[in-house]
Colleague: 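Okay, here's the structure, questions in a sec.
Everything quoted here is computed from the prediction, not taken from an experiment.
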Amino acid sequence: MMGMGGGGNRSPLQYRTMWQPEVAVEGQATDFGLIQHDLRLMAPIWMADPHIVMATGGARVDLINTDAVLPDTGRAFPSELWNISLGLNYIRRFDNGRTGGVNLNIGSSSDQPFGAARDINFGAVAFLRVPHRERNAWNFVLVYAPLSQIAFPIPMASYYWQPSDEFSMNIGLPLQMTYRPTDRWTFDLSYMLLTTIHAQGTYQVNEQWCAYGAFDWQN
């Protein structure tokens, strides 16, 4: 896989594509394969120190090749599945070195996005980062995503530990680890409740392009 602005960085424009070869569908005489396109945007809309307001957006489409039917209804499986999202982020840096903020987002995941109220989802995240010593920090987060696996507000706390320039780890929830043995290689591992796991190895080809291999398990 190849991505522009990918590899877990904070580029304002990110695009990636994924191809999944066809596999047999259990209990049906057909195969299932897909090609996925994923575009993400991020742009500041107001910056007046110590305040930052940023807008985010994303559009992912799965182009599906199959004659499978949904077993409960007998309807044909959709040939396209969309996931569209829009977000607004507010970040403030305080005089004591702490950083806080809030994120609001709305989106739709469906073969016909925003076609019905049940297909619209929203969420909110509030966070506070408290520096500790030279490199480390405490992180406190409150997440609310009613259509996620946990449909009520979740308070989380973690400790960000960076003993060197090459290694950093977020201990707690979310759990995250990054290791950069060289300027070109980066390895990331993260876990979030309940079944969200991400592992990725990235090779930075140049300033604009990187190649990566990843494993994702998510709801």
Colleague: Which atoms form the tightest heavy-atom contact between P174 and S158, and what is the distance?
Modeller: O-CB, 4.4 Å
Colleague: Examine F140 and Y144 and state if one hydrophobic cluster contains both, with Ile, Leu, Val, Met, Phe, Trp and Tyr joined whenever side-chain heavy atoms are less than 4.5 Å apart.
Modeller: no
Colleague: Would you find a donor on one side and an acceptor on the other, under 3.5 Å apart, between the side chain of R60 and the backbone of N83?
Modeller: no
Colleague: Grouping I, L, V, M, F, W and Y whenever their side-chain heavy atoms are under 4.5 Å apart, do Y160 and M177 come out in a common cluster?
Modeller: no
Colleague: Can you name the closest pair of heavy atoms from P146 and A151 and give their distance?
Modeller: O-CB, 3.3 Å
Colleague: Answer yes if the side chains of S108 and D119 hold a donor-acceptor pair under 3.5 Å, and no otherwise.
Modeller: no
Colleague: Can you tell me how the ring of H37 sits relative to the ring of Y15, calling it parallel under 30°, perpendicular over 60° and tilted otherwise?
Modeller: parallel
Colleague: To the nearest 0.5 angstrom, please state how far the CH2 atom of W185 sits from the OH atom of Y179.
Modeller: 12.5 Å
Colleague: Whether the side chain of N206 engages the backbone of Q208 through a donor-acceptor N/O pair (distance < 3.5 Å, no angle test) should be reported.
Modeller: yes
Colleague: So which heavy atom on P153 is nearest to which on L142, and how close?
Modeller: CB-CD1, 4.1 Å
Colleague: If we count only N and O atoms by modelled type, under 3.5 Å, do the side chains of T178 and Q176 hold a donor and an acceptor together?
Modeller: yes
Colleague: Can we say R180 and D188 salt-bridge, meaning some charged N sits less than 4.0 Å from an Asp/Glu carboxylate O?
Modeller: no
Colleague: Using a distance-only test with no angle check, is there a side-chain donor-acceptor pair under 3.5 angstrom linking N65 and E22?
Modeller: yes
Colleague: Side chains of T17 and I35: closer than 4.5 Å at any heavy-atom pair?
Modeller: yes
Colleague: In Å and rounded to the nearest 0.5 Å, what is the CD1 to CD1 distance from I84 to I120?
Modeller: 11.0 Å
Colleague: Which atom names give the shortest non-hydrogen contact between I150 and L193, and what distance separates them?
Modeller: CD1-CB, 4.0 Å
Colleague: Quick check: are there more than 12 heavy atoms from other residues, nucleotides or ligands sitting under 6.0 Å from CZ of R98?
Modeller: no
Colleague: If only side-chain N and O atoms count, and only distance matters, is there a donor-acceptor pair under 3.5 Å linking S164 with Q162?
Modeller: no
Colleague: Are W46 and L41 connected into the same hydrophobic cluster when the rule is that any two of I, L, V, M, F, W, Y join if their side-chain heavy atoms are below 4.5 Å apart?
Modeller: no
Colleague: Show the nearest heavy-atom pair for residues N136 and W161, with the distance to one decimal.
Modeller: OD1-CA, 3.6 Å
Colleague: Between CZ of R118 and OG of S110, what distance do you get to the nearest 0.5 Å?
Modeller: 7.5 Å
Colleague: What is the distance from atom CG of L128 to atom CZ of R92, rounded to the nearest 0.5 Å?
Modeller: 12.0 Å
Colleague: Kindly work out whether a path of hydrophobic side-chain contacts (I/L/V/M/F/W/Y, heavy atoms less than 4.5 Å apart) joins I106 to I45.
Modeller: no
Colleague: Can you tell me if N105 and S85 form a side-chain donor-acceptor pair at under 3.5 Å?
Modeller: no
Colleague: Using every non-hydrogen atom in the two residues, find where T66 and A68 come nearest and quote the distance to one decimal.
Modeller: OG1-N, 3.0 Å
Colleague: Ring-plane angle category for H132 and Y159, please: parallel below 30°, perpendicular beyond 60°, tilted otherwise.
Modeller: perpendicular
Colleague: Give a yes or no on whether the backbone of D67 and the side-chain of T30 come within a donor-acceptor separation of less than 3.5 Å.
Modeller: yes
Colleague: Evaluate T202 against Q200 for side-chain hydrogen bond (donor to acceptor under 3.5 Å, both in side chains), listing each step before the verdict.
Modeller: CA-CA 6 Å; T202 305; Q200 180 170 313; 3.0 Å; yes
Colleague: Consider only side-chain heavy atoms of I, L, V, M, F, W and Y, link residues closer than 4.5 Å, and tell whether I52 and Y90 are in one cluster.
Modeller: no
Colleague: Looking at CG of L175 and CG of L189, how far apart are the two atoms once the value is rounded to the nearest 0.5 Å?
Modeller: 6.5 Å
Colleague: Please tell me whether H198 and Y191 form a close aromatic pair, meaning their ring centres lie under 6.0 Å apart.
Modeller: no
Colleague: Measuring from atom NE2 of H51 to atom CD1 of I91, what distance do you get when rounded to the nearest 0.5 angstrom?
Modeller: 12.5 Å
